[in-house]
Amino acid sequence: MGKFFSNKDIAKLFREISASYAAKGEDRFKIIAYDNAATSVEHATSELKDLWEDGKLDTVPGLGKSIRGHLDELFKTGKVKHFEDVKKDLPQGMFDLLEVGGLGPKSAYKLAKELKIKNVDELENAAKSGKIGNLPGFGKKSEAEILTAASEVKGRGNISRYLLTDAFPVAERILSHLRNHKDCERAEPLGSLRRMVATVGDIDIAVASKNPKAIVDHFKKFREISRVLEAGPRKASALLQNGIRLDLMVQPANAFGALLQHFTGSKNHNIHLREDAIKNGMSVSDYGIKVGKKLHEFATEEAFYKFLKMDYIIPEMREDTGEIEAALGHKLPEVLDIRDIKGDIHLHSSYPIEPSHDLGKDSFEQIIKRAKELAYEYVGLSDHSPGVSTHTKAQIIDLIKKRSHKIEQLKSSNIEFRILNLLEIDILTDGTLSVPEEGLKILDGAIAGIHSSHHHDKKTITKRMMTAINSPYVQVISHPTGRLLNQRESYEADWTKIFEACKKTQTILEINAYPNRLDLPDTLVREAINVGVKLIINTDSHKLEHMDNMKYGVSVARRGWAKPKDIINTLPWANFRKYFNVT
DNA sequence: GCCGTTTTCGGCCCGACTGTTTTCAGTCG
């Protein structure tokens with residue numbers, strides 16, 4: 001057995017092979033194939049190593065016979081001879097240089113080979129000393145460009161993706177800047193922001209205008225821009241001071257539909273659309289759809305998709321995971337909408353329960369008031385359980401009884417509105433729960449989650465989760481993968497086994513709507529509902545404002561193709577309550 | 001290298017922008 005190769009490692013390896021082939025001027029489709037394989041591996045929901053052990057590598061798109069053979073060798077021996085041969089006569093330093101914006105494989109190869117540059121630091125020095133400008137194919141302008149881009153790589157550190165909640169306010173500011181221009185008829189945020197991907201890499205903006213040049217000029221004046229990367233007659237890109245990249249495209253309103261569609265993506269969705277179009281004698285671009293020489297323009301996306309004989313596809317589903325086939329066959333599911341949500345049951349209050357983790361900021365009463373404003377029918381009050389290391393068993397029971405007494409009073413003073421007396425309990429490192437059975441019996445139900453030892457291996461994590469799933473007192477598993485976006489990876493778990501157990505015990509998996517969680521992730525949502533597991537969308541609020549995050553959880557569900565019936569908090573109280581210990 | 005409801009061979013999305021060129025290659029989304 002060699003060392004463990006994660007999907008991230010493998011994707012990086014494929015990208016290097018792709019770049020190597022590009023540097024060598026190999027067949028461009030081979031280059032694309034390795035790039036596609038890398039992307040596919042990055043999107044996979046299981047570790048390739050596990051799939052390989054189960055003989056299921058062929059379920060990953062983009063991995064053909066040849067690449068699967070290489071992976072076989074990698075997992076068995078820890079290396080791939082063919083890959084080493086490909087990279088053998090290339091300067092190793094070139095791969096680091098690909099991080100620098102504007103440098104592709106050809107330029108990186110030249111710089112690493114001719115100037116013996118091994119990393120971004122050396123690249124910066126070479127540019128400063130004027131060595132790059134003298135190289136054939138490079139000039140003074142590209143030297144200056146490289147110098148700037150190299151320093152930006154060092155400045156941005158490790159963060160390359162932004163939370164939706166961080167990106168939206170920035171998008172709003174650039175949109176309002178653009179909308180202030182008299183020639184701006186419409187401005188929309190597109191790309192991964194519109195598709196509501198959990199994290200976004202850049203902000204894409206489309207503008208409808210008869211005067212694209214004026215819009216581009218106005219765009220360049222946005223106060224938060226640190227550097228304009230490029231600016232043509234209808235397209236521009238810029239870097240913001242906070243490191244986010246902005247991309248702008250402009251099109252007249254009568255042809256705006258194709259631009260919306262193009263710029264929303266995803267890339268793979270568009271490629272698939274265009275390949276299908278070719279087979280039908282058409283050519284699709286951001287200008288419209290060409291049939292022969294005639295260009296058909298579309299004011300709306302609906303008209304665009306209709307022309308291709310497809311049902312309208314919501315942005316959240318445009319990831320080329322079957323939505324195109326479904327739209328052609330008129331078989332797209334009716335996914336849920338934020339208006340379907342009737343309650344939120346993962347809410348932390350300021351009630352002094354002496355928890356192991358953080359208290360919320362607001363009282364039960366304030367939470368209930370806010371829930372009513374949101375037109376919910378019910379809430380679950382679910383503070384963390386009392387700390388196990390700081391309390392005796394008897395003290396824990398006592399605290400739960402006192403809290404329950406208070407909640408019972410609230411129930412009787414809110415007859416029309418429904419309140420669940422819950423706790424979010426810990427699945428401890430040994431697999432036991434942080435509240436003894438005697439305490440659990442007092443509650444209307446429990447949400448259980450892993451809050452410690454996230455580093456445990458796949459087998460241990462799975463076992464810990466199974467004890468909670470199999471407990472008759474646990475109805476919901478919170479933030480099931482434990483990921484914290486940009487901070488902590490998901491832990492490994494046997495999802496097939498977990499989904500089966502959830503289905504059998506009618507245990508609900510949470511889609512946690514907290515913006516740096518969004519957990520279950522969309523891909524696992526889709527797998528779970530395919531098995532028949534029921535889900536619930538909760539905000540995990542620690543203050544009232546957090547209750548507005550429900551929309552992010554709904555987007556995750558929509559990206560996972562969830563219908564209202566897959567999500568139990570779309571149910572009216574009469575049906576919803578059956579999942580809990582209430583009459 | 002991958003892939004298949006017109007294909008196991010012969011295809012593989014489409015276009016913008018920039019710099020170093022003298023008609024185009026490289027990079028990007």
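The model shown is predicted, which means the values in this text are computed figures rather than measured ones. The analysis underlying the following values was restricted to heavy atoms, covering all of them including side chains, and did not include hydrogens, waters or symmetry mates. In the text below, chain A, chain B and the rest are named by the order of the sequence lines, each starting its count at 1.
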Under 4.0 Å between any heavy atoms, over every strand shown, what does [X] touch: base, sugar-phosphate, or nothing? Just pick one.
| X | value |
| --- | --- |
| A:Ser237 | nothing |
| A:Arg245 | sugar-phosphate |
| A:Arg28 | nothing |

| query | Could A:Glu152 and A:Arg245 be called an ion pair, given the rule that one side-chain N must be under 4.0 Å from one carboxylate O? | reply | no

| query | Hey, is A:Asp121 close enough to A:Lys154 for a salt bridge, meaning N to O under 4.0 Å? | reply | yes

| query | Out of B:dC14, B:dG1, B:dG19, which nucleotide sits closest to the side chain of A:Lys141? | reply | B:dG19

Between [X] ([atom1]) and [N] ([atom2]), how many Å, whole number?
| X | N | atom1 | atom2 | answer |
| --- | --- | --- | --- | --- |
| A:Asp276 | B:dC14 | CG | P | 12 Å |
| A:Arg195 | B:dG29 | CZ | P | 13 Å |
| A:Leu246 | B:dG29 | CG | P | 13 Å |

| said: When the P atoms of B:dG1 and B:dT7 are compared, how many Å lie between them, rounded to an integer? | reply: 26 Å

| message | For the C1' atoms, the ones on B:dT27 and on B:dT20, what distance do you get once it is rounded to whole angstrom? | response | 14 Å

| Watson-Crick or G-U wobble partner of B:dT8, both distances under 3.5 Å | none

| Which of these, A:Asp202, A:Asn486, A:Thr199, sits in a side chain to side chain donor-acceptor pair (under 3.5 Å) with A:Arg161? | A:Thr199

| field | A:Asp519 and A:Thr481: side chain donor to acceptor below 3.5 Å | value | yes

